[in-house]
Every structure is written in structure tokens, then in C-alpha cells.
Amino acid sequence: MLMKLYNMLIRFLYPLAISRYIEKRKKIGKEDVKRFNERIGRPTLQRPEGKLIWMHGASVGESISMLPLIERLLQTYPDAHIMVTTGTTTSAEVMSKRLPERAFHQYLPIDHPVFVTRFIKHWQPDIALWFESEFWPALLSTIKRKNIPLILVNGRISNKSFKRWQQFEFVIKELLDCFTLCLGQSEEDTYRLRVLGAKNTLCLGNLKYAGLPLPVDENVKNEIATLIGGRPAWLVSSTHDDEEYKIGRFLKELGQKVPNLLTFIAPRHPQRGQEIKEKLEKELGLQVALRSKGEKLTPKTEVYIADTIGEMGIWYNLFPLVFVGGSLIPHGGQNFMEPSRCRDAVIVGPHMHNFTDAMNRAKKVDAIIQVNDVLDLMDMVQNLLTNPELLEAKRSLAYNWANSEAKVLDGIVEKIREYLD
């Protein structure tokens, strides 16, 4: 009943208000004018022959998290094609560069019963994999009506969303009823989905643990390795404002305990590179080189700031010891699984609430090192850089854990095969 009322309301409101809103989005560049027909269910591409797997994610992050699954499904089904839908121009641009052969991008249709019916009728997908927490009633109800298996992949229900949805239990229950299967990314998410009304739930793990390896330019890697030579070195990655200064204050002292130490800093936002350099040089007297300006890494360089985009894979492959930022301040941390997959010993600060589930799992097998503050961090770096056997042991623990977590992909593919075959 709720879906029928929603569809009637959208038909009424679209010409009065929604179409005006869409026109505003076009004017400010939030809609792709050249491909707007896709948004109203009139695609220009033909449906490919054979099985068509449809995968949808709203944002760039969700779209990128699909890539390992896309690769695996294309290997599993050599004659199948994959259609990825997103709603933003940024995600469309990213996907156009990252999607492999036999996979293509389309814009998600506006949630109007006419548009989504056209979309489904044209593409006739064999299965739909949903990677976002935004549930579009017209689209979901159409998928259900056409008897297309619909799986929520990597479902996440935050504490805030859970409390909000509990106030509208009758709404979320009808929306979740459209899903054939809901795969929560953690046991907590799975429990919340079940409480909210999902009938078929399961936790196979977080798909983000199965991320594809970051790209590595071997020429650049070898060049930097030659410049470093035999110096003890560590990487400070994905840092946010003030974390570089917190660490920088103790680098002179650390350098006395670990002679000839080199600290690499790869900030989360590379445009901050110049600002970081000036602060470390003027206020702390450190010898700093800035990669974006082509400044040379010399034997006298104490801090090298890698303020570039797309080179993190090089740094993770180059350094055996990594501190992951966003964790010395109450930001909540950054992705620590990527350096773990590169066989790095990984240190994080006290603030890792963005990765609670992953942290708990890593701690159980001693695969992550968590420090209380920057003084604790300095002691740990000194201990690891002066104790090769301990460093090697921590690297192995992190790598083995990351590999075991990546097996979540196998479980998800098996579940998809149950419905697709």
C-alpha cells in the first residue's frame, strides 16, 4: 500500500516541483546534460547478449568498493556483462576509467514509476546488487514486481539511521521486503537489518576488506628506493591537519635514537603539502622536501612530503612500517587494510571509530598496533625500526590477517551464484 501511495504522489509532484529541482541541478553541473536521457529511462546503449548483472552504488566510494566483485563475477561468468549505475557525475567519471571490459556505466533513473519501468524493461537484468543505504521506493518495488533477485551487498545501518528508521518502522519494513537477501557488512549491521524487517539476512564480512591492490609505478618505486638507500624509514599516511605537526615535534628526538631516520608523509589532502612543509621547517627546524615541487630527496632530508595523487600504492609497497592518520585526532581513522595487504606493519592512533568492526577483528589476531598518543607512537616506531625481527613478525601478522579477511569475496560470490544460476 505504501509503495502505491508513493508512486501516485511522485506522478503528481514531478511536473509541479521535482522537474524544477532537476533543472536547477542541470544548471549547476550536478546532472550530465548529454546523458540525461538515461535519468528518464531512455538509454542509448543496447542491452548486451547473455546474462546482465546490475550493480548500483550512490557514491564514488561505494562504486570503487564494487571493483573486486566486478572482476570476480566477470571471471566466473565469461559470457556475462555488468552494468554499474550511479547517480553523480563524479562517480560516472571515475567508473568510466576503472571499469574493465564487459562492464559499463549508466546513470540511475530518477525515482519515478514511468522512468524506472522503462529502465527495467530495456535492460532486463538477471540480478540486481544494491551497494547503498538509500532505498528508492519506485525502483525497488518495480524490481520486486518483475521478480528480479535483489541483494543488498555490504549493507550498513549506522546507529543514527537505526534510531531514525525505528520511528518509521512501517516504511523501512516495506522497503526491506523488496530485497531477496540482505548481506550486512558486520554482525551489528545484520542484526539491525533483521530488527528493521529484513526477512533474509546474513553476514559474510565487509567487502571493502577485499579491495584491489593499489597501482604501483615500478620505475618511481625503484627511483625512490635508490635515493633512500639503506636509511631507516617509515611512512606517515593519510594525515589530517595538526597530525603532521604533532609527529614533527618529536622527529629530532627520534632521529637521535634512530640515526639517519627518514620520515615520509603522504597527507590525506595533498593540497596541504606546502602548508605542512612551511610549518615543519619554520616552527620545528626540520629539513623538508616537497614532492609536488620536484624537490630532491637528499641524505640531509629528514621529512619528504609526498603530496601527490595516485602514488599511495608505491609508498605502501616501499615502506615496511606505516602509521595511518586520521587517528591521532577525533576524525575516526582512515583505511588501514590497504597497507596491511601490502605486508606493512601498521600503527594507528586512539581514534579509530570509523573502523570499529575491522579494528576488533584485527586486534584479535594482533594484526594492528594501536597507540594512545604521539609519545606512545614515537616509542613504538623506535622499537620497530631498531628491532628487525619484531618488525618482520608484525608485518606477517598484518598480511596474514588482511588475506584472510579478503576471503569475504568468495562468500559473496557464492551467494550471488545461488540466485544467478
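Keep in mind that this is a model prediction, so the values were computed, not measured.
- Summarising the geometry of C182 relative to A198, their closest heavy-atom pair is SG-CB, 3.9 Å, with the distance given to 0.1 Å.
- Scored by the side chain to side chain donor-acceptor pair (under 3.5 Å) test, T301 finds T298 as partners (sequence neighbours excluded).
- Taking the ring centroids of F119 and W136, they lie at or beyond the 6.0 Å cut-off.
- Ring geometry, H112 versus Y14: the interplanar angle exceeds 60°, so the pair is classed perpendicular (tilted spans 30 to 60°).
- The CG atom of L150 sits 8.5 Å away from atom CG of L129, with the distance rounded to the nearest 0.5 Å.
- For the 3.5 Å distance criterion, the side chains of Y77 and D421 qualify, holding a donor opposite an acceptor.
- With sequence neighbours excluded, the residues satisfying side chain to side chain contact (heavy atoms under 4.5 Å, CB included) with N219 are D217.
- Pairs of residues two or more places apart, or lying in two chains, that qualify as side chain to side chain donor-acceptor pair (under 3.5 Å) and include a residue from residues 165-178 are K144-D177, D177-K199.
- When side chains are defined from C-beta on, L377 counts as touching I247, because their heavy atoms get closer than 4.5 Å.
- Applying the 6.0 Å contact sphere to CZ of F135 captures more than 12 heavy atoms from other residues, nucleotides or ligands.
- Screening K279, K277, R268, R272 for a salt bridge (Lys or Arg N to Asp or Glu O under 4.0 Å) involving E244 leaves a single residue, R272.
- Looking at E243 and I329, their side chains come closer than 4.5 Å, going by heavy atoms from C-beta outward.
- Between the R194 side chain and the D189 main chain, no donor and acceptor come within less than 3.5 Å of each other.
- Panel note: side chain H105, backbone M95; no donor-acceptor pair is recorded below 3.5 Å.
- Applying the side chain to side chain donor-acceptor pair (under 3.5 Å) test to pairs two or more places apart or on separate chains, those with a residue in residues 3-12 are Y6-D111.
- Within 6.0 Å of atom CZ in R20, 12 or fewer heavy atoms from other residues, nucleotides or ligands are found, so the atom counts as exposed in its surroundings.
- The number of heavy atoms from other shown groups lying within 6.0 Å of OH (Y399) does not exceed 12.
- A distance-only check finds no donor-acceptor pair linking the side chain of S19 to the backbone of L16 [under 3.5 Å].
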Check: residues 346-371 side-chain donor-acceptor pairs under 3.5 Å, at least two apart:
unit_1: N354; atom_1: ND2; unit_2: H331; atom_2: O; d: 3.3
unit_1: N354; atom_1: ND2; unit_2: G332; atom_2: O; d: 3.4
unit_1: T356; atom_1: OG1; unit_2: H353; atom_2: O; d: 3.1
unit_1: N360; atom_1: ND2; unit_2: T356; atom_2: O; d: 3.3
unit_1: R361; atom_1: NE; unit_2: E405; atom_2: OE1; d: 3.1
unit_1: R361; atom_1: NE; unit_2: E405; atom_2: OE2; d: 3.3
unit_1: R361; atom_1: NH2; unit_2: E405; atom_2: OE1; d: 3.1
unit_1: R361; atom_1: NH2; unit_2: E405; atom_2: OE2; d: 3.4
unit_1: K363; atom_1: NZ; unit_2: Q370; atom_2: OE1; d: 2.6
unit_1: D366; atom_1: OD1; unit_2: K394; atom_2: NZ; d: 3.3
unit_1: D366; atom_1: OD2; unit_2: K394; atom_2: NZ; d: 3.1
unit_1: Q370; atom_1: NE2; unit_2: G349; atom_2: O; d: 2.9

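- Between H269 and H240, the ring planes lie perpendicular to each other; the angle is over 60°, past the 30° to 60° tilted range.
- Using modelled atom types, one finds no donor on one side chain facing an acceptor on the other under 3.5 Å when comparing K146 with Q124.
- No donor-acceptor pair under 3.5 Å is formed between the side chain of R341 and the backbone N or O of D344.
- Around CZ of R42, the count of heavy atoms belonging to other residues, nucleotides or ligands within 6.0 Å does not exceed 12.
- The two atoms that bring R35 and A92 nearest to each other are NH1-CB, 4.5 Å, heavy atoms only.
- Side chain of D307 to backbone of Q271: no donor-acceptor contact under 3.5 angstrom is found.
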*Determine, stepwise, if the pair F336 / F323 fulfils ring-ring contact (aromatic ring centres under 6.0 Å, His included).*
CA-CA 9 Å; F336 68 91; F323 169 75; over 10 Å; no
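- For F12, the CZ atom counts as loosely surrounded, since its 6.0 Å shell holds 12 or fewer non-hydrogen atoms of other residues, nucleotides or ligands.
- At a threshold of 4.5 Å between non-hydrogen side-chain atoms, the residues V236 and V303 do not count as touching.
- The shortest side-chain heavy-atom distance between T86 and L108 does not fall under the 4.5 Å cut-off.
- Contacts of W315 classified as ring-ring contact (aromatic ring centres under 6.0 Å, His included), with partners at least two apart in sequence or in another chain: F264.
- Across all non-hydrogen atoms, the minimal contact from R145 to T117 is NH2-OG1, 3.9 Å.
- A donor-acceptor pair under 3.5 Å links the side-chain atoms of R47 to the main chain of W123, judged by distance alone.
- In this structure, the side chain of N200 engages the main chain of T180 through a donor-acceptor pair within 3.5 Å.
- Between the side chain of D376 and the backbone N or O of N372, at least one donor-acceptor pair lies under 3.5 Å.
- Under the 3.5 Å distance criterion, the side-chain polar atoms of R25 are matched with a main-chain donor or acceptor of K30.
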*Go through Y316 and W234 one step at a time and tell me if the ring-ring contact (aromatic ring centres under 6.0 Å, His included) criterion holds.*
CA-CA 10 Å; Y316 282 157; W234 66 306; over 10 Å; no
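- Of the possible polar contacts, one joining the T76 side chain to the R72 backbone as a donor-acceptor pair under 3.5 Å is found.
- Between V324 and E338 the shortest side-chain heavy-atom distance does not fall below 4.5 Å.
- Shown here for E62 and G57, the closest heavy-atom pair between the two residues is OE1-C, 3.8 Å.
- The two residues A210 and A406 have their closest heavy-atom pair at CB-O, 3.7 Å.
- Residues E31 and R39 have side chains in contact (heavy-atom distance under 4.5 Å, counting atoms from C-beta outward).
- The two residues I127 and P149 have their closest heavy-atom pair at CG1-O, 3.4 Å.
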